[in-house]
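Structure first, commentary second.
Both ligands and their constituent atoms are indexed starting at 1 by order of listing. Residues: numbered from 1 along the sequence shown. None of the values given here were measured: they were computed from a predicted structure.
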Amino acid sequence: MGQGRPPGTGVVVRNWYPLPVAGSEAGGRVFADLMRLAEMVEAGQPGWTRRVFSPEYLRSRELIWELMGSAGLEVRRDPAGNLIGTLPGTAPDQAALILGSHTDTVAGGGRFDGPCGVMAAIEAVRRIRERGGRPRRTIWVVDFLGEEPNDFGISCVGSRAAAGHLSPEHLRLVDGGGRTLAEALAQMGGDPDRIAEARWPKGAASAYLELHVEQGTRLEEAGRGLAVVTAIAGIHRAEIRLEGRADHAGTAPMAGRSDALLAAAEVSLEVEQLGLRGGLGVATVGRLELVPNSPNVVAERATLIAEYRSGDPSWLSATDELLQEVVSQVPSRRGVRGQLSWLSREDPTLCAEELSSVLLASAREIGEEPLQLASWAGHDAVQVAAICPVAMLFVPSRGGRSHCPEEWTDPQQVEVGTRALAAAVTRLAV
Ligand code: HGY
Ligand code: MN
Ligand code: MN
């Protein structure tokens, strides 16, 4: 890469990419975009909540559309509600390079999980265009719809559709209010009747790169600014329905109750034990719904979602069986009937070595020595891996915190990730 001062930037250049002077045009842009997006959140919700299918999420995509357009991308919304910005290359016969992530959040989430990758991808394109170049390969920047699990019990809605994995059964899933996923997609500007057209044509994508916040402490503990992801943990998610009997909290004797909440409590503690098995995985019950959920009524019904993750496929399948045993045995001790239905079962995903080595070289090109580590968080890259080779870059998360308002990554750290991504895009597409 040429040293020297690109025309008109006025900033010190190290390895060709503008070294961000705090608040400088290039270095501050991504962070400024992130903070603009962070303003678009659901009122009355904790943290920086912008859940998929919320009005705020729909409104926020106008900003994404505007930012993609301002970077010179031709923007479209596909039938799955994904926003796809395209920068045509000079060699249109070559498969496109895909960059992306998501901009929806969990309830009570932060400002960086997802948006960091989308804004950095937009910025990488801006920098290529500002250099006056047109890429050889066409570049897509994708804001995938609904990466986070939603009220329909499914995550990665948009990237599943891109991979051709969003089935008619998925579209018929209903939320608590009886709305189908198909209806929800239509409300987000998607077109469920044409969902098959959201599937990326075979050979259209050459590779996929995703920048993401680590959502863990390893980078911070190692004092590094970047990580190249080697693999992404498999995630299995199950809905467990527990049918007890509603009774008067005062007149029903303690003996003989069929209390669905207590059965849910025991099942949840068993799920925790499964997560502790062999130190190879993690397990969580993060969602519990009660009916009638009244202080003076013994719970009739409890519905919980259990999920567990591991890099080891056999640990995951063994846990499937153990969980089924728990659900068939534990509730019945309380006269409660348990029923398990799988929501999703993703196996561990390996990142493509040849693509990861490009990320490694790009990081070193800008003076960073990245860690190499596995991701315990799930990502759209898992779905895209069914289409083309994928690789991911992580930037640090302060205190490892994520999926909470405290989620934070410094502007300089975002800039280092953006520069590494831009360097990789230059290697792969320019
Ligand atoms: O749950 C996850 O790992 C991701 O943040 N959706
Ligand atoms: Mn997340
Ligand atoms: Mn994410």
Under 4.0 Å from any heavy atom of D113, which atoms of ligand 1 are there? 5 (O)
Honestly, for R237 the part within reach of ligand 1 (heavy atoms, under 4.0 Å) is side chain
Please determine if the Mn ion (ligand 2) has an N/O/S atom from E148 lying under 2.8 Å away. yes
Any N or O of G378 closer than 3.5 Å to N or O of ligand 1: yes
Is the NZ or CZ atom of R111 positioned over W48's six-membered ring, under 6.0 angstrom from the centre and within 45° of the axis? yes
Quick one: are R127 and R419 in side-chain contact, heavy atoms under 4.5 Å? yes
So, H403 and D113: side-chain donor and acceptor under 3.5 Å apart, yes or no? yes
In terms of atom number and element, which parts of ligand 1 are under 4.0 angstrom from non-hydrogen atoms of A377? 3 (O)
Got a donor-acceptor contact below 3.5 angstrom from the N150 side chain to the G153 backbone? yes
Check whether the side chains of Q215 and E407 place a donor and an acceptor atom closer than 3.5 Å, and report yes or no. no
Looking at the Mn ion (ligand 3), which N/O/S atom of H212 is the nearest one? NE2
Below a 4.0 angstrom heavy-atom separation, can you tell me which part of R309, side chain or backbone, both or neither, approaches ligand 1? side chain
From the Mn ion (ligand 3) out to just under 2.8 Å, does an N/O/S atom of D113 turn up? yes
How far is atom 5 (O) of ligand 1 from its nearest protein heavy atom, and which residue and atom name does that atom have? H403 NE2, 2.9 Å
Got a sec: is H102 within less than 2.8 Å of the Mn ion (ligand 2) via an N/O/S atom? no
Residue from L209, L428, I122, L211 passing side-chain contact (heavy atoms from CB on, under 4.5 Å) with L99: L209
Under 3.5 Å, is there a donor-acceptor pair between the side chain of T86 and the main chain of W140? no
